[in-house]
Every structure is written in C-alpha cells, then in structure tokens.
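Working notes, structure below.
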Protein chains: 2
Amino acid sequence: MLDDIALFVHIAQHRGLSATAEMLKVPAATVTRRLQKLETTLGCRLIHRSARKFELTAEGDAYYQAYAGLVKQFEETARDLSSDVHQLHGKLKVMAPTNISIGLLQPMWSAFIGAYPDIQLELMLNNQVEDLLSSQVDIALRIGPQIDSQLYQKRLGSVATILLAAPDYLEQQGRPEVLEDLNHHRLITVSNLPVWKLQKIKTKASATVNPIAATSVNDIRLASQLARDGLGISLLPVSEVKEELQQGRLEQVLAPWCGPERDILAVWPSGRLLSAKARCLRDFMQQHIQKESILQGRMMVI
Amino acid sequence: MLDDIALFVHIAQHRGLSATAEMLKVPAATVTRRLQKLETTLGCRLIHRSARKFELTAEGDAYYQAYAGLVKQFEETARDLSSDVHQLHGKLKVMAPTNISIGLLQPMWSAFIGAYPDIQLELMLNNQVEDLLSSQVDIALRIGPQIDSQLYQKRLGSVATILLAAPDYLEQQGRPEVLEDLNHHRLITVSNLPVWKLQKIKTKASATVNPIAATSVNDIRLASQLARDGLGISLLPVSEVKEELQQGRLEQVLAPWCGPERDILAVWPSGRLLSAKARCLRDFMQQHIQKESILQGRMMVI
DNA sequence: ACTACATATTCCAATTATGAAATCATGTTA
DNA sequence: TAACATGATTTCATAATTGGAATATGTAGT
C-alpha cells in the first residue's frame with residue numbers, strides 16, 4: 001500500500017507509467033498493475049491516461065499533494081541511512097585512550113591501517129573522555145563504564161587491575177601480607193580509580209581500601225613509572241604494566257587480590273546508523289582483543 | 001519495502017510481533033517473515049527477539065528513530081484523506097447562486113434533503129462569488145466560467161441566455177427585426193454580462209452589442225422584473241424567466257439570436273479530496289440538471 | 001530440573017505479484 | 001485517410017507472499 005502510493009507519486013512526477021518504470025527499473029506491466037490496484041483500493045481513478053495523454057484526476061491530485069512531500073522525505077531518509085553503510089573507504093574518525101593505544105593496542109592500529117588501506121583513519125588519542133557527539137566521531141574505544149546514555153556500546157573485552165610495586169621498594173619497605181598492611185605503605189592512585197575496590201579471585205571476598213595520604217596522578221602511564229621508580233604501591237591495569245612485569249621492574253603484591261575489571265568498549269552515538277567503516281573497525285577491534293589474553297579479564301599469566 | 005518499514009515501526013512500538021499482528025490484523029507468520037525480509041534487505045538485525053525478550057538492536061533503534069515520525073505522518077495523512085470519504089452523514093457546507101436556487105433549482109434542493117436526511121445540509125446562497133476556500137465550503141454550484149485556478153470543476157449543464165422584453169413595451173416601442181434595431185431601444189444589462197456577445201443558433205453568425213446608455217443592475221432577478229415592468233430589453237438566462245415567458249409577461253425578441261451559453265458547474269477546492277457527501281451532492285445535482293431541458297443549453301421550448 | 005506458558009518461527013497449500021512478450025489504443029505524420 | 005509510433009495494458013508462465021496449523025524456543029514458577 002505505502003509502496004504503491006510511493007509508486008503513484010513517482011508516476012505523477014514523471015508524468016507517465018513507462019517513464020516511471022524505466023526510472024525505477026521495474027517492468028511497465030508492474031507499474032500499470034500496481035497503479036490499478038491502488039486505484040481499486042482507494043476506490044477512485046487517480047490518473048486519466050492513454051497512450052498520448054496523461055492527466056491526474058481531481059482525486060489523483062489530492063492524493064499527490066498529500067503524499068508527495070512525505071514520499072520524498074521517506075526516500076531522503078532512506079538515502080541518508082544507507083549512504084555510507086556499504087562504503088569501506090573514506091574518512092573514519094575514531095577516539096581512543098592514549099595509553100593503551102600507544103602501548104598494548106598499538107599493533108592493532110597498525111594492523112587495521114594495513115588491512116584497510118582505503119579507510120582514511122583519523123585517530124584521536126586522549127586520556128580524558130571527550131564528547132563524542134560534538135566531536136563528530138564515528139566510533140570510540142573506551143575503557144571502564146560509560147555513563148552517557150546517548151551512546152551505544154559493545155563490550156570488546158576487559159582488563160584486570162592489580163596491585164604492583166617495584167622490587168626495590170618492596171625489599172626496603174617489606175611485602176604486604178594482608179590488606180591492612182597497605183596502611184603502612186606509600187600508595188599511588190590514578191584519578192579515575194580514587195577508591196580501590198579489591199576482590200579475591202577465588203573466594204569473591206571483597207574489600208575497599210581508601211588510599212588517603214597517597215600520591216595522586218591523572219595518568220596511568222605516569223603512575224606506573226612512579227611505581228617503577230620505587231615510589232610506592234599502585235593499582236594499575238595489567239595491560240599497562242605487561243612489559244614491566246615481564247622484565248621484573250614491577251612485581252605484583254597481595255597476589256590473591258585484584259582490583260576491578262574494567263570493560264573495554266566500543267561506543268558510538270545512539271540513534272545514528274553505524275557506518276560500514278565503523279562497524280568494520282569495531283569488529284576488527286573485537287577480533288584483535290579476543291586474541292589478547294590480557295584483555296579477556298583474566299589475571300595475567302606470563 | 002516501505003510497507004515493511006512501517007510494519008517494523010509498529011513492531012517496535014508494540015514491543016512484540018504477535019501484539020503487532022493482532023493490532024494490524026495480519027497473521028503472526030506474516031509479521032515474522034516481513035521483518036526477516038526487511039532485516040535481510042537492510043543487511044542487519046533490527047530486533048533481538050525471543051519468546052520472552054524483546055529489544056531493538058542499535059541498528060533497529062537507528063532505523064526506528066529515523067522512520068517512526070514519518071510512518072506516523074503517513075498514517076495520519078491516510079486517515080485524514082479517508083475519513084469522510086465513505087461517510088454519508090454529517091455536515092455538508094454548500095454555496096450556490098441565490099436566484100437559480102430559489103427558482104428553477106429549488107425542487108432539487110428539496111429533493112436532495114429528502115433523499116439524504118442524514119446529510120446535514122448547510123446551504124449558503126449568494127449572488128456574488130464568495131471565496132470558497134476561506135469559507136470552508138465543501139462544494140459549490142456556480143454559473144458561468146470560474147477563473148480561480150485553485151478550484152476543480154465539473155460541468156453539470158448549461159443555460160442559454162436570450163433577449164427579452166415585456167409585450168407592452170414591444171407594442172409601444174416596436175419589435176426589433178435586426179440587431180441594429182437594438183440601438184433604438186432601452187436596454188437593461190446585468191453586471192456580469194456587460195457586453196452582449198450574440199450568436200445565431202443555426203448559422204453560427206456572431207455579433208457583439210455594447211449596450212452603452214443602458215440601465216445596469218447587479219441582479220438577474222431585478223433585471224427580469226424591470227424588463228417585465230416594460231423598462232426595456234434585457235439579455236437573461238432562460239432559467240430565470242421560464243415562468244414569465246410561459247405566462248406571457250415577457251417575450252423573446254430577435255428570436256434567431258441568443259446570448260452566450262453559461263456553464264453550470266460544480267466547483268470545489270483543489271488539492272483536497274472530495275468527501276463522499278460532496279460527491280453525492282455533485283452527482284445528485286448532475287442527475288437533476290440532466291433532466292431539466294432548460295439547463296441543457298438548448299433554447300427553451302415551452 | 002521439570003512444567004506451563006507465551007511468543008516466535010517454520011511448513012504447506014493457496015493466493016497473489018512479477019517479468020517478458022504480445023496486444024491494444026490513440027494521437028501524429030505522410 | 002492510412003500507416004506509424006508511442007505508451008498502456010493484457011497474457012501466461014514463474015516466482016514470491018500469504019494465512020493457518022504445527023512446531024520450536026526461551027522464561028518463570030513450581
């Protein structure tokens with residue numbers, strides 16, 4: 001019915017059935033029959049037509065005037081939605097956290113750029129959460145819960161946080177055995193984790209540590225460097241300290257405890273259709289992150 | 001396609017396929033399949049659905065937001081157009097010329113009111129052409145050419161105009177034999193026929209008379225009364241002078257000549273669908289006028 | 001874990017729409 | 001006036017869609 005109305009509007013615009021048939025790539029027979037069907041359902045003739053004449057009836061004109069604008073809007077909407085949806089080339093604006101992007105995930109970005117040379121990636125790295133909507137970003141990678149209800153999100157993985165310190169530091173200050181021992185240590189906090197909600201992996205026992213007199217910085221990388229320099233114990237995502245752990249510059253403390261798992265999310269503005277490029281990147285990221293055991297929420301096993 | 005989109009919008013609104021099926025009176029199987037087809041054509045899933053869960057996907061939400069308003073508008077338009085189109089009761093506002101309506105066509109109005117008692121006729125008689133659009137009139141009866149391009153019209157009949165005078169007057173002033181004789185007579189003109197374009201019925205010969213020093217009035221009825229009172233010769237529609245001719249109070253002069261035929265038209269605002277009531281009246285008027293020989297353009301034969 | 005329930009989906013026969021070619025209708029030109 | 005050309009319509013075989021019944025699926029309450 002709606003389709004037939006749309007067809008009629010086109011017929012009225014092209015002033016002819018065969019012209020419309022050609023334009024819309026449907027056989028003329030179909031145009032004739034659908035118009036006839038519409039006329040039957042509406043119970044009136046819409047077009048006075050013959051081989052050489054074409055004229056809307058009064059009713060046809062009324063229907064045309066009523067529907068033409070709507071049909072046009074419909075088609076514009078369809079065009080807006082589907083443009084871009086199949087194109088795997090052109091610009092793609094992406095936001096991501098700096099630290100993980102120049103660290104653990106740097107190979108992912110290289111791989112993506114290599115795999116899709118036609119996609120012109122514009123990667124905006126930043127540690128603070130910038131507004132996705134006003135920045136006209138297609139899709140963003142985010143870590144930790146996202147509060148913006150204007151965003152859609154898809155979980156790609158998660159990263160555990162653990163307590164760490166430099167071996168030197170631990171030699172000098174002693175290794176904490178129980179949670180309460182933390183009170184006697186220098187602590188380094190990162191601003192987005194001001195309170196340490198810890199949990200024992202097996203027993204699910206949980207506890208909260210409020211690092212009061214701690215050093216506080218707003219960058220994970222800096223925090224890990226401070227810890228590495230023997231300035232205290234910090235709660236950091238394993239993704240950021242992989243190298244340091246492997247090379248023994250940092251070591252885990254209070255091993256049965258670990259901090260909150262932080263989700264890794266692809267987020268994008270809601271109410272807008274994800275472009276093919278953005279979907280492509282999202283799926284690519286998901287595949288990559290799935291292979292990275294550190295990003296599966298498991299405690300790192302070296 | 002458009003129909004499927006509309007269906008999807010309803011599904012999203014009713015939050016369920018079967019609810020939608022019931023609401024729209026289509027089998028649930030159809031709803032399922034049309035949704036599946038739409039998902040296939042769009043190339044993405046629109047709804048995460050199971051027996052107990054129902055949730056739009058990100059894409060589904062994007063499509064919903066894009067189309068919901070349009071679908072609603074479409075349906076409102078359809079409702080506006082079809083309301084009234086099948087209802088043969090309620091108010092019907094009609095305009096018509098005063099003279100013919102209280103004269104020759106008066107029986108027609110009575111007959112219509114009698115035939116359709118459920119139609120609440122509001123008949124606005126006037127001799128001047130009032131604006132149909134601003135008066136919210138459904139349909140109007142008009143005589144003579146209508147210039148307003150915002151109107152649709154349908155010809156219902158036509159009425160001839162002839163030259164007439166009172167027998168008394170002709171006795172005193174003499175009966176004109178040729179056109180030029182009119183120059184020596186008193187003439188009465190009606191404002192909507194300031195120039196007399198005359199024609200011989202058989203020979204098609206035509207002539208124009210410019211009644212200069214004539215009495216001029218703006219109402220046909222008054223003109224016929226003036227002529228009846230022996231004040232001169234006038235060019236009048238036969239429909240207005242039927243009685244006077246039959247009773248010998250007026251007689252035709254220069255019989256082979258007659259004035260322009262004036263069309264009787266049903267007119268209504270363009271771009272709006274004629275309601276069933278208005279169509280009903282239009283067709284009723286056409287039938288009635290067809291039976292009235294005076295209104296078939298023929299010279300009156302008593 | 002099992003059952004009951006509500007909902008979505010699949011199956012099959014009947015209907016309906018489609019596409020390509022032939023036919024028809026009607027203004028225009030020779 | 002007849003032939004022509006253009007565009008609408010019909011024809012017929014094929015493909016797609018529909019409606020009703022049966023089936024599958026997932027959730028909530030014993």
Side-chain angles (χ1 to χ4, degrees), chain A residues 1-61 63-64 67-68 71 74-75 78 154-155, chain B residues 1-61 63-64 67-68 71 74-75 78:
Chain A
M1 177 69 169
L2 264 67
D3 288 299
D4 294 333
I5 290 171
L7 179 65
F8 161 67
V9 167
H10 281 124
I11 295 172
Q13 282 165 348
H14 292 116
R15 307 199 61 74
L17 306 214
S18 56
T20 310
E22 197 173 353
M23 200 68 64
L24 267 50
K25 319 272 191 201
V26 282
T30 303
V31 177
T32 295
R33 272 171 305 191
R34 300 228 331 242
L35 178 59
Q36 286 172 343
K37 181 162 69 75
L38 182 64
E39 288 182 328
T40 308
T41 26
L42 295 181
C44 63
R45 229 176 149 61
L46 296 170
I47 299 171
H48 285 305
R49 54 197 182 275
S50 76
R52 303 281 168 153
K53 237 175 46 188
F54 182 95
E55 199 174 5
L56 291 184
T57 62
E59 289 82 8
D61 194 70
Y63 279 106
Y64 176 73
Y67 283 118
V71 168
F74 233 109
E75 286 167 353
K154 183 170 186 182
R155 193 176 170 284
Chain B
M1 177 71 169
L2 263 66
D3 289 301
D4 295 332
I5 290 171
L7 179 65
F8 162 68
V9 168
H10 280 122
I11 296 172
Q13 282 165 348
H14 291 116
R15 307 200 61 73
L17 306 212
S18 56
T20 310
E22 197 173 353
M23 200 68 63
L24 268 52
K25 320 271 190 200
V26 281
T30 304
V31 177
T32 296
R33 268 170 296 159
R34 299 224 337 239
L35 178 59
Q36 286 171 343
K37 180 161 71 73
L38 182 64
E39 288 182 327
T40 308
T41 26
L42 295 181
C44 62
R45 232 177 146 58
L46 295 171
I47 299 171
H48 286 305
R49 54 197 183 276
S50 76
R52 302 281 171 147
K53 239 172 50 187
F54 182 94
E55 200 174 5
L56 293 184
T57 63
E59 289 83 8
D61 195 68
Y63 279 106
Y64 177 73
Y67 283 117
V71 168
F74 233 110
E75 286 169 352

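Below, chain A is the first sequence line, B the second, and so on; all start at residue 1.
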Kindly compute the distance separating [atom1] ([X]) from [atom2] ([Y]), expressed to the nearest 0.5 Å.
X: B/Y63; Y: B/L56; atom1: OH; atom2: CG; value: 13.0 Å
X: B/T20; Y: B/H10; atom1: OG1; atom2: NE2; value: 8.0 Å
X: A/E59; Y: A/I47; atom1: CD; atom2: CD1; value: 12.0 Å
X: A/L46; Y: A/Y64; atom1: CG; atom2: OH; value: 13.5 Å
X: A/I5; Y: A/M1; atom1: CD1; atom2: CE; value: 4.5 Å

State which of [options] makes the closest approach to the side chain of [X].
X: A/K37; options: C/dA17, C/dT7, C/dA20; value: C/dA17
X: B/Q36; options: D/dT9, C/dA8, C/dT10; value: C/dT10
X: A/R34; options: C/dA8, D/dG19, C/dT18; value: C/dT18
X: B/S50; options: C/dA8, D/dT27, D/dG7; value: D/dT27
X: B/T30; options: D/dT18, D/dT9, C/dA8; value: D/dT18
X: B/T32; options: C/dA8, D/dG19, D/dT10; value: C/dA8

TODO: Please figure out whether B/S18 or A/P27 has its closest DNA chain C nucleotide nearer the 5' end.
DONE: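 Result: B/S18.
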Could you tell me how far apart [X] ([atom1]) and [N] ([atom2]) are, to the nearest whole angstrom?
X: B/H14; N: C/dA6; atom1: NE2; atom2: P; answer: 19 Å
X: A/L17; N: C/dT26; atom1: CG; atom2: C1'; answer: 15 Å
X: B/M1; N: D/dT17; atom1: CE; atom2: P; answer: 13 Å
X: B/E22; N: C/dA6; atom1: CD; atom2: P; answer: 13 Å
X: A/K25; N: C/dT18; atom1: NZ; atom2: C1'; answer: 18 Å
X: B/R52; N: D/dG29; atom1: CZ; atom2: C1'; answer: 10 Å
X: A/R15; N: D/dA8; atom1: CZ; atom2: P; answer: 11 Å
X: B/F54; N: C/dA6; atom1: CZ; atom2: C1'; answer: 15 Å

Task: Phosphate-side-chain proximity, A/R49 and C/dA25, N/O vs OP1/OP2 below 4.0 Å - done: no
Task: Any donor-acceptor N/O pair under 3.5 Å between D/dG19 base and B/R33 side chain - done: yes
